Student: 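What follows is a single structure, and I will ask about it in a moment.
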Protein chains: 2
Amino acid sequence: MQKPEIGSSEHALVHEVDTCVRATTAPGWADRVIGYREMAEALILDIKAGNWRIGDALPTEAELVQRFGASRSTVRESLRELAAMGYIKRRQGARSILVADDPTDSFVNSVQSIGELLQYSGRTRSTLLARSEVVATGDMARRLGVVAGSRWLRLDYLRTPMRGQLPLGLSEIYVDARHADALGTIDDSLTIYRQLEQRAGLVVRRVEQSIEASTATPAMAAPLRVAPGSPLLLVRTEFITSAGEVMEVGLGHFPAGRYRMEIMLQRSGGASDIDG
Amino acid sequence: MQKPEIGSSEHALVHEVDTCVRATTAPGWADRVIGYREMAEALILDIKAGNWRIGDALPTEAELVQRFGASRSTVRESLRELAAMGYIKRRQGARSILVADDPTDSFVNSVQSIGELLQYSGRTRSTLLARSEVVATGDMARRLGVVAGSRWLRLDYLRTPMRGQLPLGLSEIYVDARHADALGTIDDSLTIYRQLEQRAGLVVRRVEQSIEASTATPAMAAPLRVAPGSPLLLVRTEFITSAGEVMEVGLGHFPAGRYRMEIMLQRSGGASDIDG
DNA sequence: AACTCGCGCTTGTCTGGACAGGTTCAACGC
DNA sequence: GCGTTGAACCTGTCCAGACAAGCGCGAGTT
């Protein structure tokens, strides 16, 4: 989490001493050693300042090497950044072309294998506590966000870190009873939703997660080893098919301090690389 | 600890011949030189063959250099490819982690104007409780995830629904003191990060959110109208520039039952939305 | 048992150099 | 005028080495 590089100045010193040469020919202003990130930022400022119009070609790599007093690799890295953000397009042999001066102001969070995060985060193991069939009645149906009266296969897991004793949390997983047969024996090396996809021929179209604070019920308190009433993170995950039907619902209960959910959103214009 | 890492048999040949000499000689020689694309392809085949499970660590760059007889740059380029395709996640200091063996299986959450959800979610209003300058000391620095000793402008908001009495939650917003001047008077119709972008010339590259459970301190309990110690949802949001510097940190505290965070992930393609 | 600290391992960033292969454009031949 | 060709220009790929910075684990402490 730390970002000690306040000015990134000590960075500069080291390299100055090390590789010297650098920028001796450059016009005076290129004194400061800058990294590819700063270089990218400087270029973006230039772009926003209107130095080039959309469709124009940016300076060649060689010119940027001169101007910033950095190596070609560094210049290329910054151009790669600009391309990833959607400002420019690159093509071998031709100079970079400015294609946008303000790439879509949207952020993207891309997740592979949802629920890895919820069920298998690498250094955790899950132990099945109970397997039962339930009918969603009033209160429970509301808690799950499903239709009252529907039938579900319920799986209770306790999640524990590989090293350490205190459990991370409890997971209740509800599988639509109509697909429970297809599930059969459960492969613990795959997520439930993946197995449903593979064996029941379902396709998850979207996943909805909601997160809120709650408290530990007496029943949960024992396996979680916390006091009843202590604060929990409640994570509900719904897996929804293209037909709009909820095929699986997961409820995760995580005591404070043991589990943290992290989401990273990245600004993206043209997610793709090079070529065209 | 280390994975014995199986398989990848035929690559041994190339390695045998050893590298260096490279294409200076005619293309007639025995084995092709492996490029980063082929290397990526080979790795994908290994992945699909099940040599590693999701969550496992791939070989280190050094090991791949050995195996393929290529330079580290080339190996890194191929790993970059795999990361872009969604097979692996990379983190400085730690080995690459396999996160998907079939990246068509990726879900995307895209959102315009993050932080709307933290500051202005349409049907809520924010009232500024306090504005102060603070220095992040030990404990607070850890809580914020910033460098100890750094200086910040702190803004305290109470968020209340348009209709209704009970407050939704408290927001502490910390703005890097170096950019606080640029902020000047705050336009309540825009998010803070947008104003920082426009007035301080910063570019937000990515946003990191972490969510966990916590408890209400006595100081929070009063304005939130809950009992001290009652469960809260703690949402931390970091706005990070392309230089990798944290320019704004937001801490949201939401009592149980009053606020729920919602995330919708959609499989490849279509846009989606987050929260409300 | 939980916490801190240090050290080794691993990835991130950067340098400087080389060749391959695509692009561009002007000179040339028809 | 028009298509071809070649050379200059430019980006793509690759190499070898170095230091910076983050991570993980074990040892020692509380």
Side-chain angles (χ1 to χ4, degrees), chain A residues 1-5 8-23 33-40 57-66 68-81 83 88-97 122-123 161-166 225 257-258 273-276, chain B residues 1-2 18-27 32-40 57-66 68-81 83 88-97 138 142 147 243-244:
Chain A
M1 276 311 147
Q2 318 302 78
K3 287 283 150 51
E5 49 159 60
S8 171
S9 41
E10 69 284 5
H11 212 94
L13 291 180
V14 175
H15 281 286
E16 196 90 31
V17 178
D18 180 16
T19 43
C20 42
V21 197
R22 215 215 218 298
V33 177
I34 67 180
Y36 74 92
R37 293 164 187 277
E38 293 164 276
M39 200 179 301
L58 263 61
T60 67
E61 293 179 356
E63 284 165 351
L64 292 175
V65 163
Q66 278 267 317
F68 289 105
S71 75
R72 192 174 156 226
S73 314
T74 306
V75 166
R76 282 180 60 73
E77 196 66 34
S78 72
L79 290 176
R80 189 203 292 273
E81 192 102 330
I88 63 174
K89 287 272 187 238
R90 309 175 68 192
R91 228 168 78 240
Q92 179 177 132
R95 296 157 63 172
S96 302
I97 301 296
R123 285 181 292 286
M162 280 302 184
R163 330 184 326 160
Q165 298 70 28
L166 287 176
R225 300 228 242 143
R258 301 203 194 147
D273 327 320
I274 42 161
D275 158 70
Chain B
M1 275 327 85
Q2 324 299 72
D18 202 343
T19 96
C20 302
V21 199
R22 257 196 77 77
T24 47
T25 57
R32 276 172 316 135
V33 175
I34 296 281
Y36 76 91
R37 289 168 190 280
E38 295 162 275
M39 199 179 300
L58 263 63
T60 66
E61 294 179 358
E63 284 165 353
L64 292 175
V65 163
Q66 281 265 318
F68 290 106
S71 75
R72 195 174 153 222
S73 315
T74 306
V75 167
R76 281 178 63 75
E77 196 65 34
S78 73
L79 289 177
R80 189 203 293 273
E81 194 103 324
I88 63 174
K89 285 268 187 250
R90 308 177 68 194
R91 228 166 75 243
Q92 178 172 3
R95 297 160 63 174
S96 301
I97 301 296
R142 185 158 354 156
V147 190

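Every value quoted in this text rests on a predicted model; they were computed, and no experiment measured them. Each chain gets a letter, A, B and so on, in the order its sequence line appears, and its residues count up from 1.
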Student: Round to a whole Å and report the spacing from CZ of A/R37 to P of D/dA21.
Tutor: 12 Å
Student: Whole-Å distance between C/dG16 C1' and A/E61 CD?
Tutor: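 Checked: the CD to C1' distance equals 14 Å.
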Student: Starting from P on C/dG17, measure out to CZ on A/R72 and report it in whole angstrom.
Tutor: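 Rounded to whole Å, this separation is 13 Å.
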Student: Whole-Å distance between D/dC23 P and B/K89 NZ?
Tutor: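 Taking atom P of D/dC23 as the reference, NZ of B/K89 is at 16 Å.
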Student: One thing to verify: whether A/R80 and B/E77 come together as a salt bridge, which I'm taking to mean a side-chain N less than 4.0 angstrom from a carboxylate O.
Tutor: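 Looking at A/R80 together with B/E77, the answer is yes, because their closest N to O distance falls below 4.0 Å.
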Student: Starting from C1' on C/dT15, measure out to CD on A/Q66 and report it in whole angstrom.
Tutor: 16 Å
Student: Could you check whether any side-chain N or O of A/R95 sits under 3.5 Å from a backbone N or O of A/L58, counting only pairs where one atom can act as donor and the other as acceptor?
Tutor: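 Present.
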Student: Look up atom CD in A/E61 and atom OG1 in A/T74, then write down how far apart they are to the nearest 0.5 Å.
Tutor: 11.5 Å
Student: Between A/R76 and A/E81 (salt bridge meaning N to carboxylate O under 4.0 Å), is one present in this structure?
Tutor: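 Between A/E81 and A/R76 there is no salt bridge, as every charged N stays at least 4.0 Å from the carboxylate O atoms.
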Student: Whole angstroms only, please: what is the CZ-C1' distance between B/R95 and D/dG22?
Tutor: 16 Å
Student: If you only use heavy atoms from C-beta on, which nucleotide in D/dG22, C/dG16, D/dG12 is closest to the side chain of B/Q92?
Tutor: D/dG22
Student: Heavy atoms only, 4.0 Å cut-off, all strands: where does A/T74 land among base, sugar-phosphate and nothing?
Tutor: sugar-phosphate
Student: Report the distance from atom CZ of A/R90 to atom P of D/dC9, rounded to the nearest whole Å.
Tutor: 20 Å
Student: Please round to the nearest 0.5 Å and tell me the distance separating atom OG of A/S78 and atom CZ of A/F68.
Tutor: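 Going from OG on A/S78 over to CZ on A/F68, the span is 7.0 Å.
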Student: Take A/S96 and A/S73, find for each the nucleotide of DNA chain D with the closest heavy atom, and name the residue whose nucleotide sits nearer the 5' end.
Tutor: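 Result: A/S96.
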Student: Strictly below 4.0 Å: does B/R91 bring a side-chain N or O up to OP1 or OP2 of C/dT11?
Tutor: no
Student: Between A/Y36 and A/G93, which is nearer to the 5' end of DNA chain C once each is assigned its nearest nucleotide?
Tutor: A/Y36
Student: Starting from P on D/dC9, measure out to CD on A/E63 and report it in whole angstrom.
Tutor: 12 Å
Student: For B/R76, which contact category applies under a 4.0 Å heavy-atom criterion: base, sugar-phosphate, or nothing?
Tutor: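 The answer is base, as B/R76 lies within the cut-off (heavy atoms under 4.0 Å) of a base atom.
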Student: Across the strands shown, which category fits A/T60 at heavy-atom distances under 4.0 angstrom: base, sugar-phosphate, nothing?
Tutor: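 Since only primed, P, OP1 and OP2 atoms lie under 4.0 Å of A/T60, the category is sugar-phosphate.
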Student: On DNA chain C, does the nearest nucleotide to A/V75 precede the nearest nucleotide to A/A94 from the 5' side, or the other way round? Give the residue.
Tutor: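 The answer here is A/V75.
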